[in-house]
Amino acid sequence: MEKICVAVRVRPPVKSSSSEDTHTPWKVEQNRISLHRSLPSGTPAPPALSYTFDHVFDQDSSNSSIYDLLTKDIIHAVVDGFNGTAFAYGQTSSGKTFTMNGSDNDPGIIHRAVKDIFAKTSLSTDREFLIRVSYMEIYNEEINDLFAVENQKLQIHESLDRGIFVAGLREEIVNNADQVLKLIEMGEANRHFGETNMNVRSSRSHTIFRMVIESKMKDASDDDYSTLDDAIRVSVLNLVDLAGSERIAKTGAGGVRLKEGKHINKSLMILGNVINKLSDGAKQRGHIPYRDSKLTRILQPALGGNAKTSIICTVAPEEVHIEESKGTLQFASRAKRITNCVQVNEILTDAALLKRQKIEIEELRKKLEGSHAGVLEQEILNLRNDMLKYELEREKLAMELEEERKSHRERITAQGSGSLKQYSKEETSDTCSTQQGDAFSTPNFKPIRNAFVAKRSYQSRTSEYSPLPDEFGDVADEDTWFKMNNGFIADLDSIQMTPARQASSVPSVDEISDCKADNDKEVQSLRRQLQEAIDEKNKFERQHKEQIAMNNHLMEEISKLQKETLLIQEIPQKLNESLANCKAVNEDVFSTFQSFAADEKSPTAKLLSSTSEIFKYLISTFEANVSMAMNGFKSTCKNSPVEENKTAQNLKDARRNSQYSDTYKDGTLGQQIALWKAEVSGEIKLIQERHESLEQESDINNHLLEASKERIQGLEKESQLLTEEKEKLLLAAFDSSKRLASLTQQNEKNLQDLACEIRRRKDLEEKIRQFSITYASRQNSLMSFHMEFKSKIDYLKAQSPVVSSVSPRSSVGC
Ligand code: ADP
Ligand code: MG
């Protein structure tokens with residue numbers, strides 16, 4: 001029996017900006033703290049309020065002195081196999097975090113404890129150690145892992161082997177202090193802080209830094225743990241920084257801060273209740289409400305249990321905080337009355353991680369022989385951590401199976417046999433199964449001893465599973481502990497002093513063999529269920545793959561259709577371009593024609609203008625067709641952005657689904673583990689979950705598929721309409737271009753004819769001109785002949801008058 005060590009620390013007063021007055025009503029003398037209030041002169045002084053503790057540290061004390069006087073012994077005891085807990089309690093801003101974490105110049109208790117543990121273990125020549133650490137916070141009554149942010153809302157469990165533990169909490173195996181401090185730094189970053197009126201960086205959660213130290217004699221045989229010297233020691237150190245109790249009015253909290261504050265106050269109040277109950281005399285003490293909050297549940301071994309515990313209560317010295325300080329000191333006074341029952345935790349079973357890892361590590365060491373020593377050590381550490389993670393995963397699965405079993409039993413109990421007898425038998429079977437199933441279901445249950453689970457080191461038995469309860473001399477303690485933790489009221493002192501009193505309630509050998517048979521049956525049925533679940537899972541996986549393939553195919557189709565739609569959308573623009581080209585050609589041709597027909601009234605000019613009119617008419621008809629088609633096309637496409645969005649959404653969904661399925665594929669670690677060990681346990685739960693998730697996924701995929709099909713049908717219709725429209729437009733364009741070509745031909749022909757006509761006319765005119773010339777020259781020659789003839793007649797007349805009267809007539813007649 002050992003009292004909790006309680007100390008008070010008064011933080012230095014905060015210097016206010018307005019005055020340098022650092023007056024404090026609290027006076028510290030050795031291990032006593034008393035309140036001295038200054039009263040108006042003449043007022044009679046009240047009796048001084050005074051408290052005595054194991055230690056009282058004044059404002060000038062350092063973390064180093066606190067560690068040396070309050071915590072160092074506990075830390076050394078932890079290395080020797082005792083459980084240890086140190087926690088800081090006090091109102092907000094009174095210096096709890098400063099005490100636990102410290103500053104650069106004056107490191108806090110955690111920092112010093114870590115260094116000290118490694119210093120002490122390295123000095124030990126006869127024992128070898130395996131140390132692992134974890135770091136958690138309790139924020140708004142939820143346990144979060146500060147080493148792995150994804151581990152949230154963790155659950156507290158208990159087992160006879162491990163006592164109370166947080167399932168799924170990440171543990172890191174470490175081999176030096178720097179490594180631990182780095183991990184803590186990383187964990188600190190994940191912690192919840194917030195600003196209040198009283199502390200700019202107020203801790204809004206309780207944090208628990210935990211070190212588990214396993215050790216065994218260096219020359220102990222690996223195969224034989226049957227003697228006391230060969231037992232493995234497993235001890236747990238909890239270093240706790242509580243969030244501060246706070247008066248909402250003072251902290252000015254609201255919203256999130258208010259909610260946090262309420263949770264903080266509630267859990268601290270329950271801690272106070274637990275301390276109150278424990279500090280009452282053993283006779284008056286009733287039910288201890290450990291289960292009312294996560295904090296007290298986790299600290300249960302430290303409060304009235306199997307742990308060396310120290311509490312440092314921090315006090316803010318300012319006059320304004322007198323009431324809170326008084327509250328803290330009363331809490332400390334009560335805590336001082338608590339006694340714990342502390343003993344070295346020695347175990348002989350396989351539960352110690354050290355033993356299980358030892359063999360594997362030796363194998364690895366052999367494999368790595370020849371490598372550089374440093375690399376080797378690092379490699380071993382990594383492998384150890386991998387093994388630990390793997391075992392944690394198994395542990396999680398085992399816990400889930402355990403819960404599943406429990407609920408299964410509860411269901412059965414509720415269904416029919418509600419009798420108390422039946423129920424108590426099942427309770428017993430539960431206890432047995434935990435023990436017997438140890439070899440495969442909970443291999444790394446680490447024995448964090450509870451106060452009432454006494455030392456087992458003298459039980460030298462090499463069994464496949466943990467020894468059965470009736471083989472313990474202290475079995476009554478376990479039984480009472482078990483009852484107590486299920487809500488029974490027990491007399492703690494009498495439990496510790498009369499260990500065998502309740503031995504009769506331990507299951508008999510017959511009951512245990514019944515349990516065994518029941519368990520075998522259950523294992524068989526679970527195996528069957530597992531096989532069925534695996535088959536079903538494979539079926540779903542196949543279906544899922546097919547659906548993914550179909551989805552991909554549909555996605556390809558959609559993208560093809562989208563491309564086609566884009567091409568179709570370009571058609572009107574191209575038609576417009578060709579129309580503009582036609583127009584330009586027409587205008588060129590027409591202007592060329594006009595240049596030939598100078599006279600506007602000439603038939604050629606008329607022909608030209610009528611041709612141009614026809615052409616213009618054709619072009620405008622064509623234009624009207626194109627614009628109509630374009631309008632139709634636009635109206636069809638009006639909803640397309642929405643549809644495209646839908647398609648994009650569908651694509652995103654499909655991608656998300658495929659990502660999900662990838663994640664799902666990655667998440668088969670638990671499955672592999674379960675298969676590897678061929679354990680029934682965790683697999684069923686996992687597979688059921690997967691089964692459900694696959695079903696959900698399959699539903700989602702089906703919906704997606706339906707949506708995709710509808711969308712594709714819509715798109716197909718749209719595409720068909722567009723194709724028809726496109727064909728019509730193409731036909732119209734083809735007709736127009738044919739007509740345009742024929743018109744152009746006609747025009748060319750007309751042009752040629754015109755050119756021929758012009759040439760013929762020119763020829764004609766030339767001929768006429770030549771004829772006229774010839775005609776004129778002939779006329780001239782005729783005239784000259786006539787003149788010559790006349791002159792000859794005249795001459796002849798003159799020569800002969802008779803002849804002349806006849807001859808002219810005859811000559812003329814010739
Ligand atoms: P709590 O964790 O109790 O809310 P903190 O530890 O955060 O309070 O302390 C509040 C402030 O007071 C911090 O700025 C801290 O540095 C300072 N402080 C607390 N105790 C001491 C001390 N003993 N010496 C110097 N500063 C201190
Ligand atoms: Mg704090």
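In listed order, ligands and their atoms are each counted from 1. Just so it is clear, the structure is predicted and the values come from calculations on it, not from any experiment. This chain uses plain numbering: 1 for the first residue, then up along the sequence.
- Which parts of ligand 1 touch Arg11 is read off a 4.0 Å heavy-atom cut-off, strictly below it: atoms 19 (C), 20 (N).
- Shown in contact with Thr92 at under 4.0 Å from a heavy atom are these atoms of ligand 1, numbered in order with element: 4 (O).
- Considering backbone and side-chain atoms together, Asp241 places no N or O closer than 3.5 Å to any N or O of ligand 1.
- Inspection of the Ser267 and Ser293 side chains reveals no N or O donor paired with an N or O acceptor under 3.5 Å.
- Tyr67 and Asp116 share a side-chain donor-acceptor pair at under 3.5 Å.
- In Ser103, neither the side chain nor the backbone holds a heavy atom less than 4.0 Å from any atom of ligand 1.
- Short contacts between ligand 1 and Gln91, defined as distances under 4.0 Å to a heavy atom of the residue, involve ligand atoms 3 (O).
- In the model, Arg32 has a side-chain atom that pairs as donor or acceptor with a side-chain atom of Ser50 under 3.5 Å.
- Comparing heavy-atom distances from atom 20 (N) of ligand 1 across Ser93, Ala316, Gly95 singles out Gly95 as nearest.
- With a 4.0 Å cut-off on non-hydrogen atoms, Arg9 touches ligand 1 through its side chain and not its backbone.
- Each of Asp54, Leu70, Leu69, Val6 was evaluated against Ser310; a single residue qualifies, Leu70, per the side chain to side chain contact (heavy atoms under 4.5 Å, CB included) test.
- For the pair Arg9 and Ser61, the tightest heavy-atom approach, listed with the atom from each and the gap, is NH2-O, 3.1 Å.
- Taking a cut-off of under 4.0 Å to the non-hydrogen atoms of Thr97, the atoms of ligand 1 that pass are 2 (O), 6 (O).
- Taking the charged nitrogens against the carboxylate oxygens, Arg112 and Asp106 do have a contact shorter than 4.0 Å, which makes a salt bridge.
- At least one heavy atom of Ser94 sits under 4.0 Å from some atom of ligand 1.
- No N or O atom of Gln59 sits closer than 3.5 Å to an N or O atom of ligand 1.
- For Ser215 and Arg127, the side-chain atoms include at least one donor-acceptor pair closer than 3.5 Å.
- One finds no salt bridge joining Arg233 and Glu214 here, because no Lys/Arg side-chain nitrogen approaches an Asp/Glu carboxylate oxygen to under 4.0 Å.
- Nearest residue to atom 18 (N) of ligand 1 from Phe57, Phe98, Tyr89 is Phe98 (criterion: closest heavy atom).
- Those atoms of ligand 1 with a heavy atom of Pro12 less than 4.0 angstrom away are 21 (C), 22 (C), 23 (N), 24 (N), 25 (C).
- Residue Thr92: no N/O/S atom is found under 2.8 Å from the Mg ion (ligand 2).
- Between Lys27 and Glu29 there is a salt bridge, since a side-chain N of the basic residue sits under 4.0 Å from a carboxylate O of the acidic one.
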